[in-house]
Amino acid sequence: MKFLGYLYRFLSNFVFLALVYYSLNLIEKYPQRVALAVMILVYAGMHSASALRSFYFFQRIERLEAEARRLAAVAAEGPSASASRRQIVGDVAELRHSGEMKAYIDLLFLALVILLCIAKIVTN
């Protein structure tokens, strides 16, 4: 299921990149192409800022994971409580890692979109 999530994220970002490429190549008048490229740059910039902000969130989750592991080691209440806490912390760590990978995929394609837009603005 995790790899299907990565595949979906990759394909949806690739379709977005293809649409940007097609739409920028379809418009022949330079001022209209620049206006579209600037609008796409604004969107990509806002989406990139959101993806970068999510890394701060993931860093905080990682700190909470470490704290939960430390508290679970200190408060040894029994084998069943410790096992359930380990399972919860492991699930959270897996979800955090998955979210980080998806954010990296987003940032890769957003960087490609930004480079494509800048190239279309610079070239005539």
Side-chain angles (χ1 to χ4, degrees):
M1 218 39 196
K2 181 171 55 170
F3 294 113
L4 286 176
Y6 295 152
L7 181 66
Y8 171 75
R9 186 64 61 109
F10 181 84
L11 287 176
S12 64
N13 282 319
F14 185 78
V15 167
F16 175 65
L17 178 66
L19 286 173
V20 168
Y21 180 77
Y22 178 72
S23 62
L24 288 175
N25 283 332
L26 188 66
I27 298 175
E28 293 183 12
K29 294 183 180 177
Y30 182 75
Q32 292 173 349
R33 188 171 58 223
V34 168
L36 179 63
V38 167
M39 287 190 288
I40 293 170
L41 277 173
V42 168
Y43 171 78
M46 291 186 328
H47 201 69
S48 297
S50 175
L52 289 173
R53 181 149 163 61
S54 69
F55 284 113
Y56 176 75
F57 178 69
F58 292 137
Q59 183 183 25
R60 294 293 181 185
I61 291 174
E62 190 173 12
R63 285 184 186 171
L64 286 173
E65 289 171 21
E67 187 67 22
R69 283 189 181 109
R70 188 186 66 79
L71 289 175
V74 169
E77 297 174 356
S80 64
S82 177
S84 67
R85 283 193 187 119
R86 264 191 246 128
Q87 178 67 31
I88 291 170
V89 170
D91 291 343
V92 169
E94 184 178 333
L95 288 172
R96 178 188 52 80
H97 179 69
S98 176
E100 286 176 346
M101 292 302 293
K102 289 176 183 176
Y104 281 128
I105 292 170
D106 284 345
L107 284 175
L108 169 72
F109 279 97
L110 287 170
L112 291 173
V113 166
I114 289 171
L115 287 174
L116 180 64
C117 289
I118 290 173
K120 287 297 178 179
I121 289 173
V122 172
T123 60
N124 190 2

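Quick note: numbers below take in every heavy atom, side chains included, and nothing from hydrogens, waters or symmetry partners.
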* Structure fact -> Value for CG (D106) from CZ (F10), rounded to nearest 0.5 Å, stands at 12.0 Å
* To do: Find out if a path of hydrophobic residues (ILVMFWY) with successive side-chain heavy-atom gaps under 4.5 Å connects I27 to V38.
  => no
* Is it possible for you to say whether F57 and I105 belong to one hydrophobic cluster, with membership spreading through side-chain heavy-atom contacts below 4.5 Å? => yes
* Asked: Does one hydrophobic cluster hold both Y43 and M39, with members joined at side-chain heavy-atom distances below 4.5 Å?
  -> yes
* **Gap separating the CG atom of L115 from the CG atom of L17, nearest 0.5 angstrom** => 10.0 Å
* Using the side-chain contact (heavy atoms from CB on, under 4.5 Å) rule, pick out the option among L24, L26, L41, I121 that qualifies with L36. => L24
* Rounded to the nearest 0.5 Å, what separation is found between the NE2 atom of H47 and the CG atom of N13? -> 6.5 Å
* Can you see which heavy atom on V20 is nearest to which on C117, and at what distance? => CG1-SG, 4.2 Å
* Asked: Can the ring centroids of Y6 and Y104 be said to lie less than 6.0 angstrom from one another?
  -> no
* **CZ (F58) with more than 12 external heavy atoms under 6.0 Å** => yes
* To do: State plainly whether one hydrophobic cluster holds both M101 and F14, where clusters connect Ile, Leu, Val, Met, Phe, Trp and Tyr through side-chain heavy atoms under 4.5 angstrom apart.
  => yes
* Backbone N or O of L95 within a donor-acceptor pair of the S98 side chain at under 3.5 Å? -> no
* Asked: Could you state the interatomic distance from CZ (F16) to CG (L112), rounded to the nearest 0.5 Å?
  -> 11.5 Å
* Structure fact -> Heavy atoms of R96 and I61 approach each other most closely as CD-CG2, 3.9 Å
* Structure fact -> Tightest non-hydrogen contact, residues S54 and A103, listed as OG-CB, 4.0 Å
* Does a side-chain N-to-carboxylate-O contact under 4.0 Å join E67 and R63? -> no
* **Between CD on residue E62 and CZ on residue F55, distance to nearest 0.5 Å** => 12.0 Å
* To do: Check the hydrophobic clustering (I, L, V, M, F, W, Y; side-chain heavy atoms under 4.5 Å; chains of links allowed) and say if F109 and L19 are grouped together.
  => no
* **Trace of the side chain to side chain contact (heavy atoms under 4.5 Å, CB included) decision for L116 with I40** => CA-CA 10 Å; L116 180 64; I40 293 170; over 6 Å; no
* Asked: Do side-chain atoms of Y8 reach the backbone of F3 as a donor and acceptor pair under 3.5 angstrom?
  -> no
* To do: Find the distance between CD1 (I114) and CG (L110) and round it off to the nearest 0.5 Å.
  => 6.0 Å
